[in-house]
Amino acid sequence: MNGALRLTVLGAGYLGITHAACMASLGFEVLGVDTDERKAGKLNAGRLPIYEPGLEELLRAGLGAGRLRFTTSYAEAAAFGDVHFICTGTPQQPGSDRADTSQVHACVATLAPLLHRPCLVVGKSTVPVGTARRLAAGLGHACPGAELAWNPEFLREGTAVADTLSPDRIVAGVTSGRAEAILRQVYARPVAAGTPFIVTSLETAELAKTAANAFLATKISFINAMAEVCEVAGGDVRALARILGADPRIGGSFLRAGLGFGGGCLPKDIRAFAARASELGAGQALAFLREVDAINLRRRVRTADLALELAGGSLAGVPVCALGAAFKPGSDDVRDSPALDVAQILTGMGARVTVHDPAALPAARRARPELTYARTLAGAVRGAHVVLLLTEWPEFTALTPGDLSPLVARRNIVDARGALDPVPWQRHGWRYRALGMAEGAAAAMRAATR
Ligand code: UGA
């Protein structure tokens, strides 16, 4: 395999589209494959089916340069590619904590019999440890010239392009020097720019991804557990996080207390990781991840309870404004969105909830059609008795009491992302409540600044 490598990317979801467009921008010829004809057509027309800053420009540049296109044909991909990246989804199985790896298995099973020349098949999807070894055996059987490697992806939604072009590390799970050499060729540019390239086994590469997500989830739930203690002890979790984060051994990132983690990755990955460990007989080792999950889900209920308190003990018929639907700012993804869950809980408590989000309204409407949505911020806030900040979009965190006071019927705000300064809100007669801060602690902050 000499000269310029030709790459295919199998599965045009978040990961696949980003990987395909980024690899094309690095100068490779790339063929993206998705069985959804409409999606492939849309991508070929330069239109993104997802919201991701900077990605559409990259997609169009790749298409325009003739280095990138999309197809539905696996046969075409097999004939085209020297390296095939598997980027299909691994969602949570319905009614189980396990990951559903059927798309990954189907992808390799479809591709393998079509491969008639030496190539490297590279898994990027997040899979339970042991999956790659099974896939490798099947692949080698179907096509002796094909080899499998595992190269997990650590990109975050909202910063997917930068994370792909300048990753923190590249993990190459390989079983031969040839596979390592091909991956070094693919990632020559970021490696030359200083990204560490870590060569390891298939199993360690699979674990690298699930362990990283488990650690991040644990860090968030740790600070949210501290928030629970702060609420009853009169502490302030934001100050506590700053103090903890100043210790370089702890580090300040992923210590933002609040409504906790959601999305298509962290929640399902910790569940699947714990389930896989149990299957392997190491269930006890990851039992703590169940607590990480429980702490995270408790924050949603606690947020709704703060709104209930501010409403005076009953939410029946009370107009409530929910600011945010996406699982985090910079994304229109509403999978396992804490914001939408809170809106749903409040609705269940009898509130008349109106949801607004700058990017995720179409996705939210599809996922939870039973909720009420407002296209404008003012439309959502007008007449509210309680406003909840649930996703920390910059346009929400920049809001001042002067913006909202003329619109609301009552001045009550729940800052579920700890993103606002309580002092100006309280000065303007708002009752301000945040996770990880007792009401008295917020009032004390106000007194201290007088
Ligand atoms: C996560 C990982 O960060 C990526 O490294 C990984 O590649 C990706 O999952 C994946 O498995 O594909 P992502 O789901 O895009 O990325 O989002 P994060 O930025 O990790 O945020 C996850 C959730 O945690 C969000 O709901 C966010 O609001 C919440 N969060 C994050 C906090 O509550 N506190 C924090 O301090 C940080």
Side-chain angles (χ1 to χ4, degrees), residues 11 13-19 50-53 55 87-92 99 124-127 151-164 167-171 206 208-227 237-238 240-242 244-245 250-273 292-293 295-300 303 324-342 357 360 389-393 396-397 415-419 434-436:
Y14 233 105
L15 169 58
I17 300 170
T18 308
H19 193 65
I50 50 167
Y51 170 94
E52 180 61 38
L55 187 54
C87 294
T88 47
T90 51
Q92 188 173 335
K124 289 195 84 63
S125 310
T126 304
V127 291
N151 165 225
E153 179 57 54
F154 300 98
L155 67 80
R156 292 159 297 172
E157 294 186 14
T159 53
V161 171
D163 289 348
T164 304
D168 297 326
R169 73 288 211 193
I170 293 162
V171 176
E206 291 167 311
K209 176 59 188 281
T210 37
N213 276 2
F215 190 85
L216 293 172
T218 303
K219 211 172 169 194
I220 298 169
S221 277
F222 176 84
I223 200 65
N224 282 335
M226 295 306 110
V237 77
R238 273 191 254 180
L240 183 63
R242 270 202 307 282
L244 293 176
I250 297 175
S253 67
F254 274 69
L255 272 191
R256 268 183 293 111
L259 192 42
F261 57 84
C265 304
L266 261 48
K268 63 111 177 151
D269 286 350
I270 58 168
R271 291 171 199 148
F273 197 16
V292 166
D293 200 7
I295 293 166
N296 191 53
L297 295 176
R298 276 208 297 274
R299 296 286 75 189
R300 302 177 186 187
T303 300
F327 84 103
K328 70 172 188 182
S331 168
D332 69 345
D333 197 339
V334 298
R335 283 176 293 170
D336 204 340
S337 166
L340 282 186
D341 253 11
V342 170
D357 189 284
L389 196 166
L390 302 174
T391 310
E392 67 279 33
W393 285 97
F396 296 159
T397 60
D415 178 7
R417 291 293 180 180
L435 295 165

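Atoms within a ligand are numbered from 1 in the order they appear, just like the ligands themselves.
- The backbone N or O of Ala326 sits less than 3.5 Å from a side-chain atom of Thr391, completing a donor-acceptor pair.
- The residues lining ligand 1, counting any heavy atom closer than 4.0 Å, are Glu153, Phe154, Leu155, Arg156, Glu157, Lys209, Asn213, Leu216, Ile220, Phe254, Leu255, Arg256, Gly260, Phe261, Gly262, Cys265, Leu266, Asp269, Phe327, Lys328, Arg417.
- Pairs engaging residues 208-220 under the side-chain hydrogen bond (donor to acceptor under 3.5 Å, both in side chains) rule: Thr126-Lys209, Asn213-Asp269 [sequence neighbours left out].
- Taking the charged nitrogens against the carboxylate oxygens, Glu392 and Lys328 have no contact shorter than 4.0 Å, which rules out a salt bridge.
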- Task: Starting from the C-alpha separation in whole Å, work towards a yes-or-no answer on side-chain contact (heavy atoms from CB on, under 4.5 Å) for Val237 and Leu435.
- Result: CA-CA 8 Å; Val237 77; Leu435 295 165; over 6 Å; no
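- Across all non-hydrogen atoms, the minimal contact from Ser331 to Asp333 is OG-N, 2.9 Å.
- A cation-pi arrangement is present between Arg169 and Phe154 under the rule of less than 6.0 angstrom and at most 45 degrees off the ring axis.
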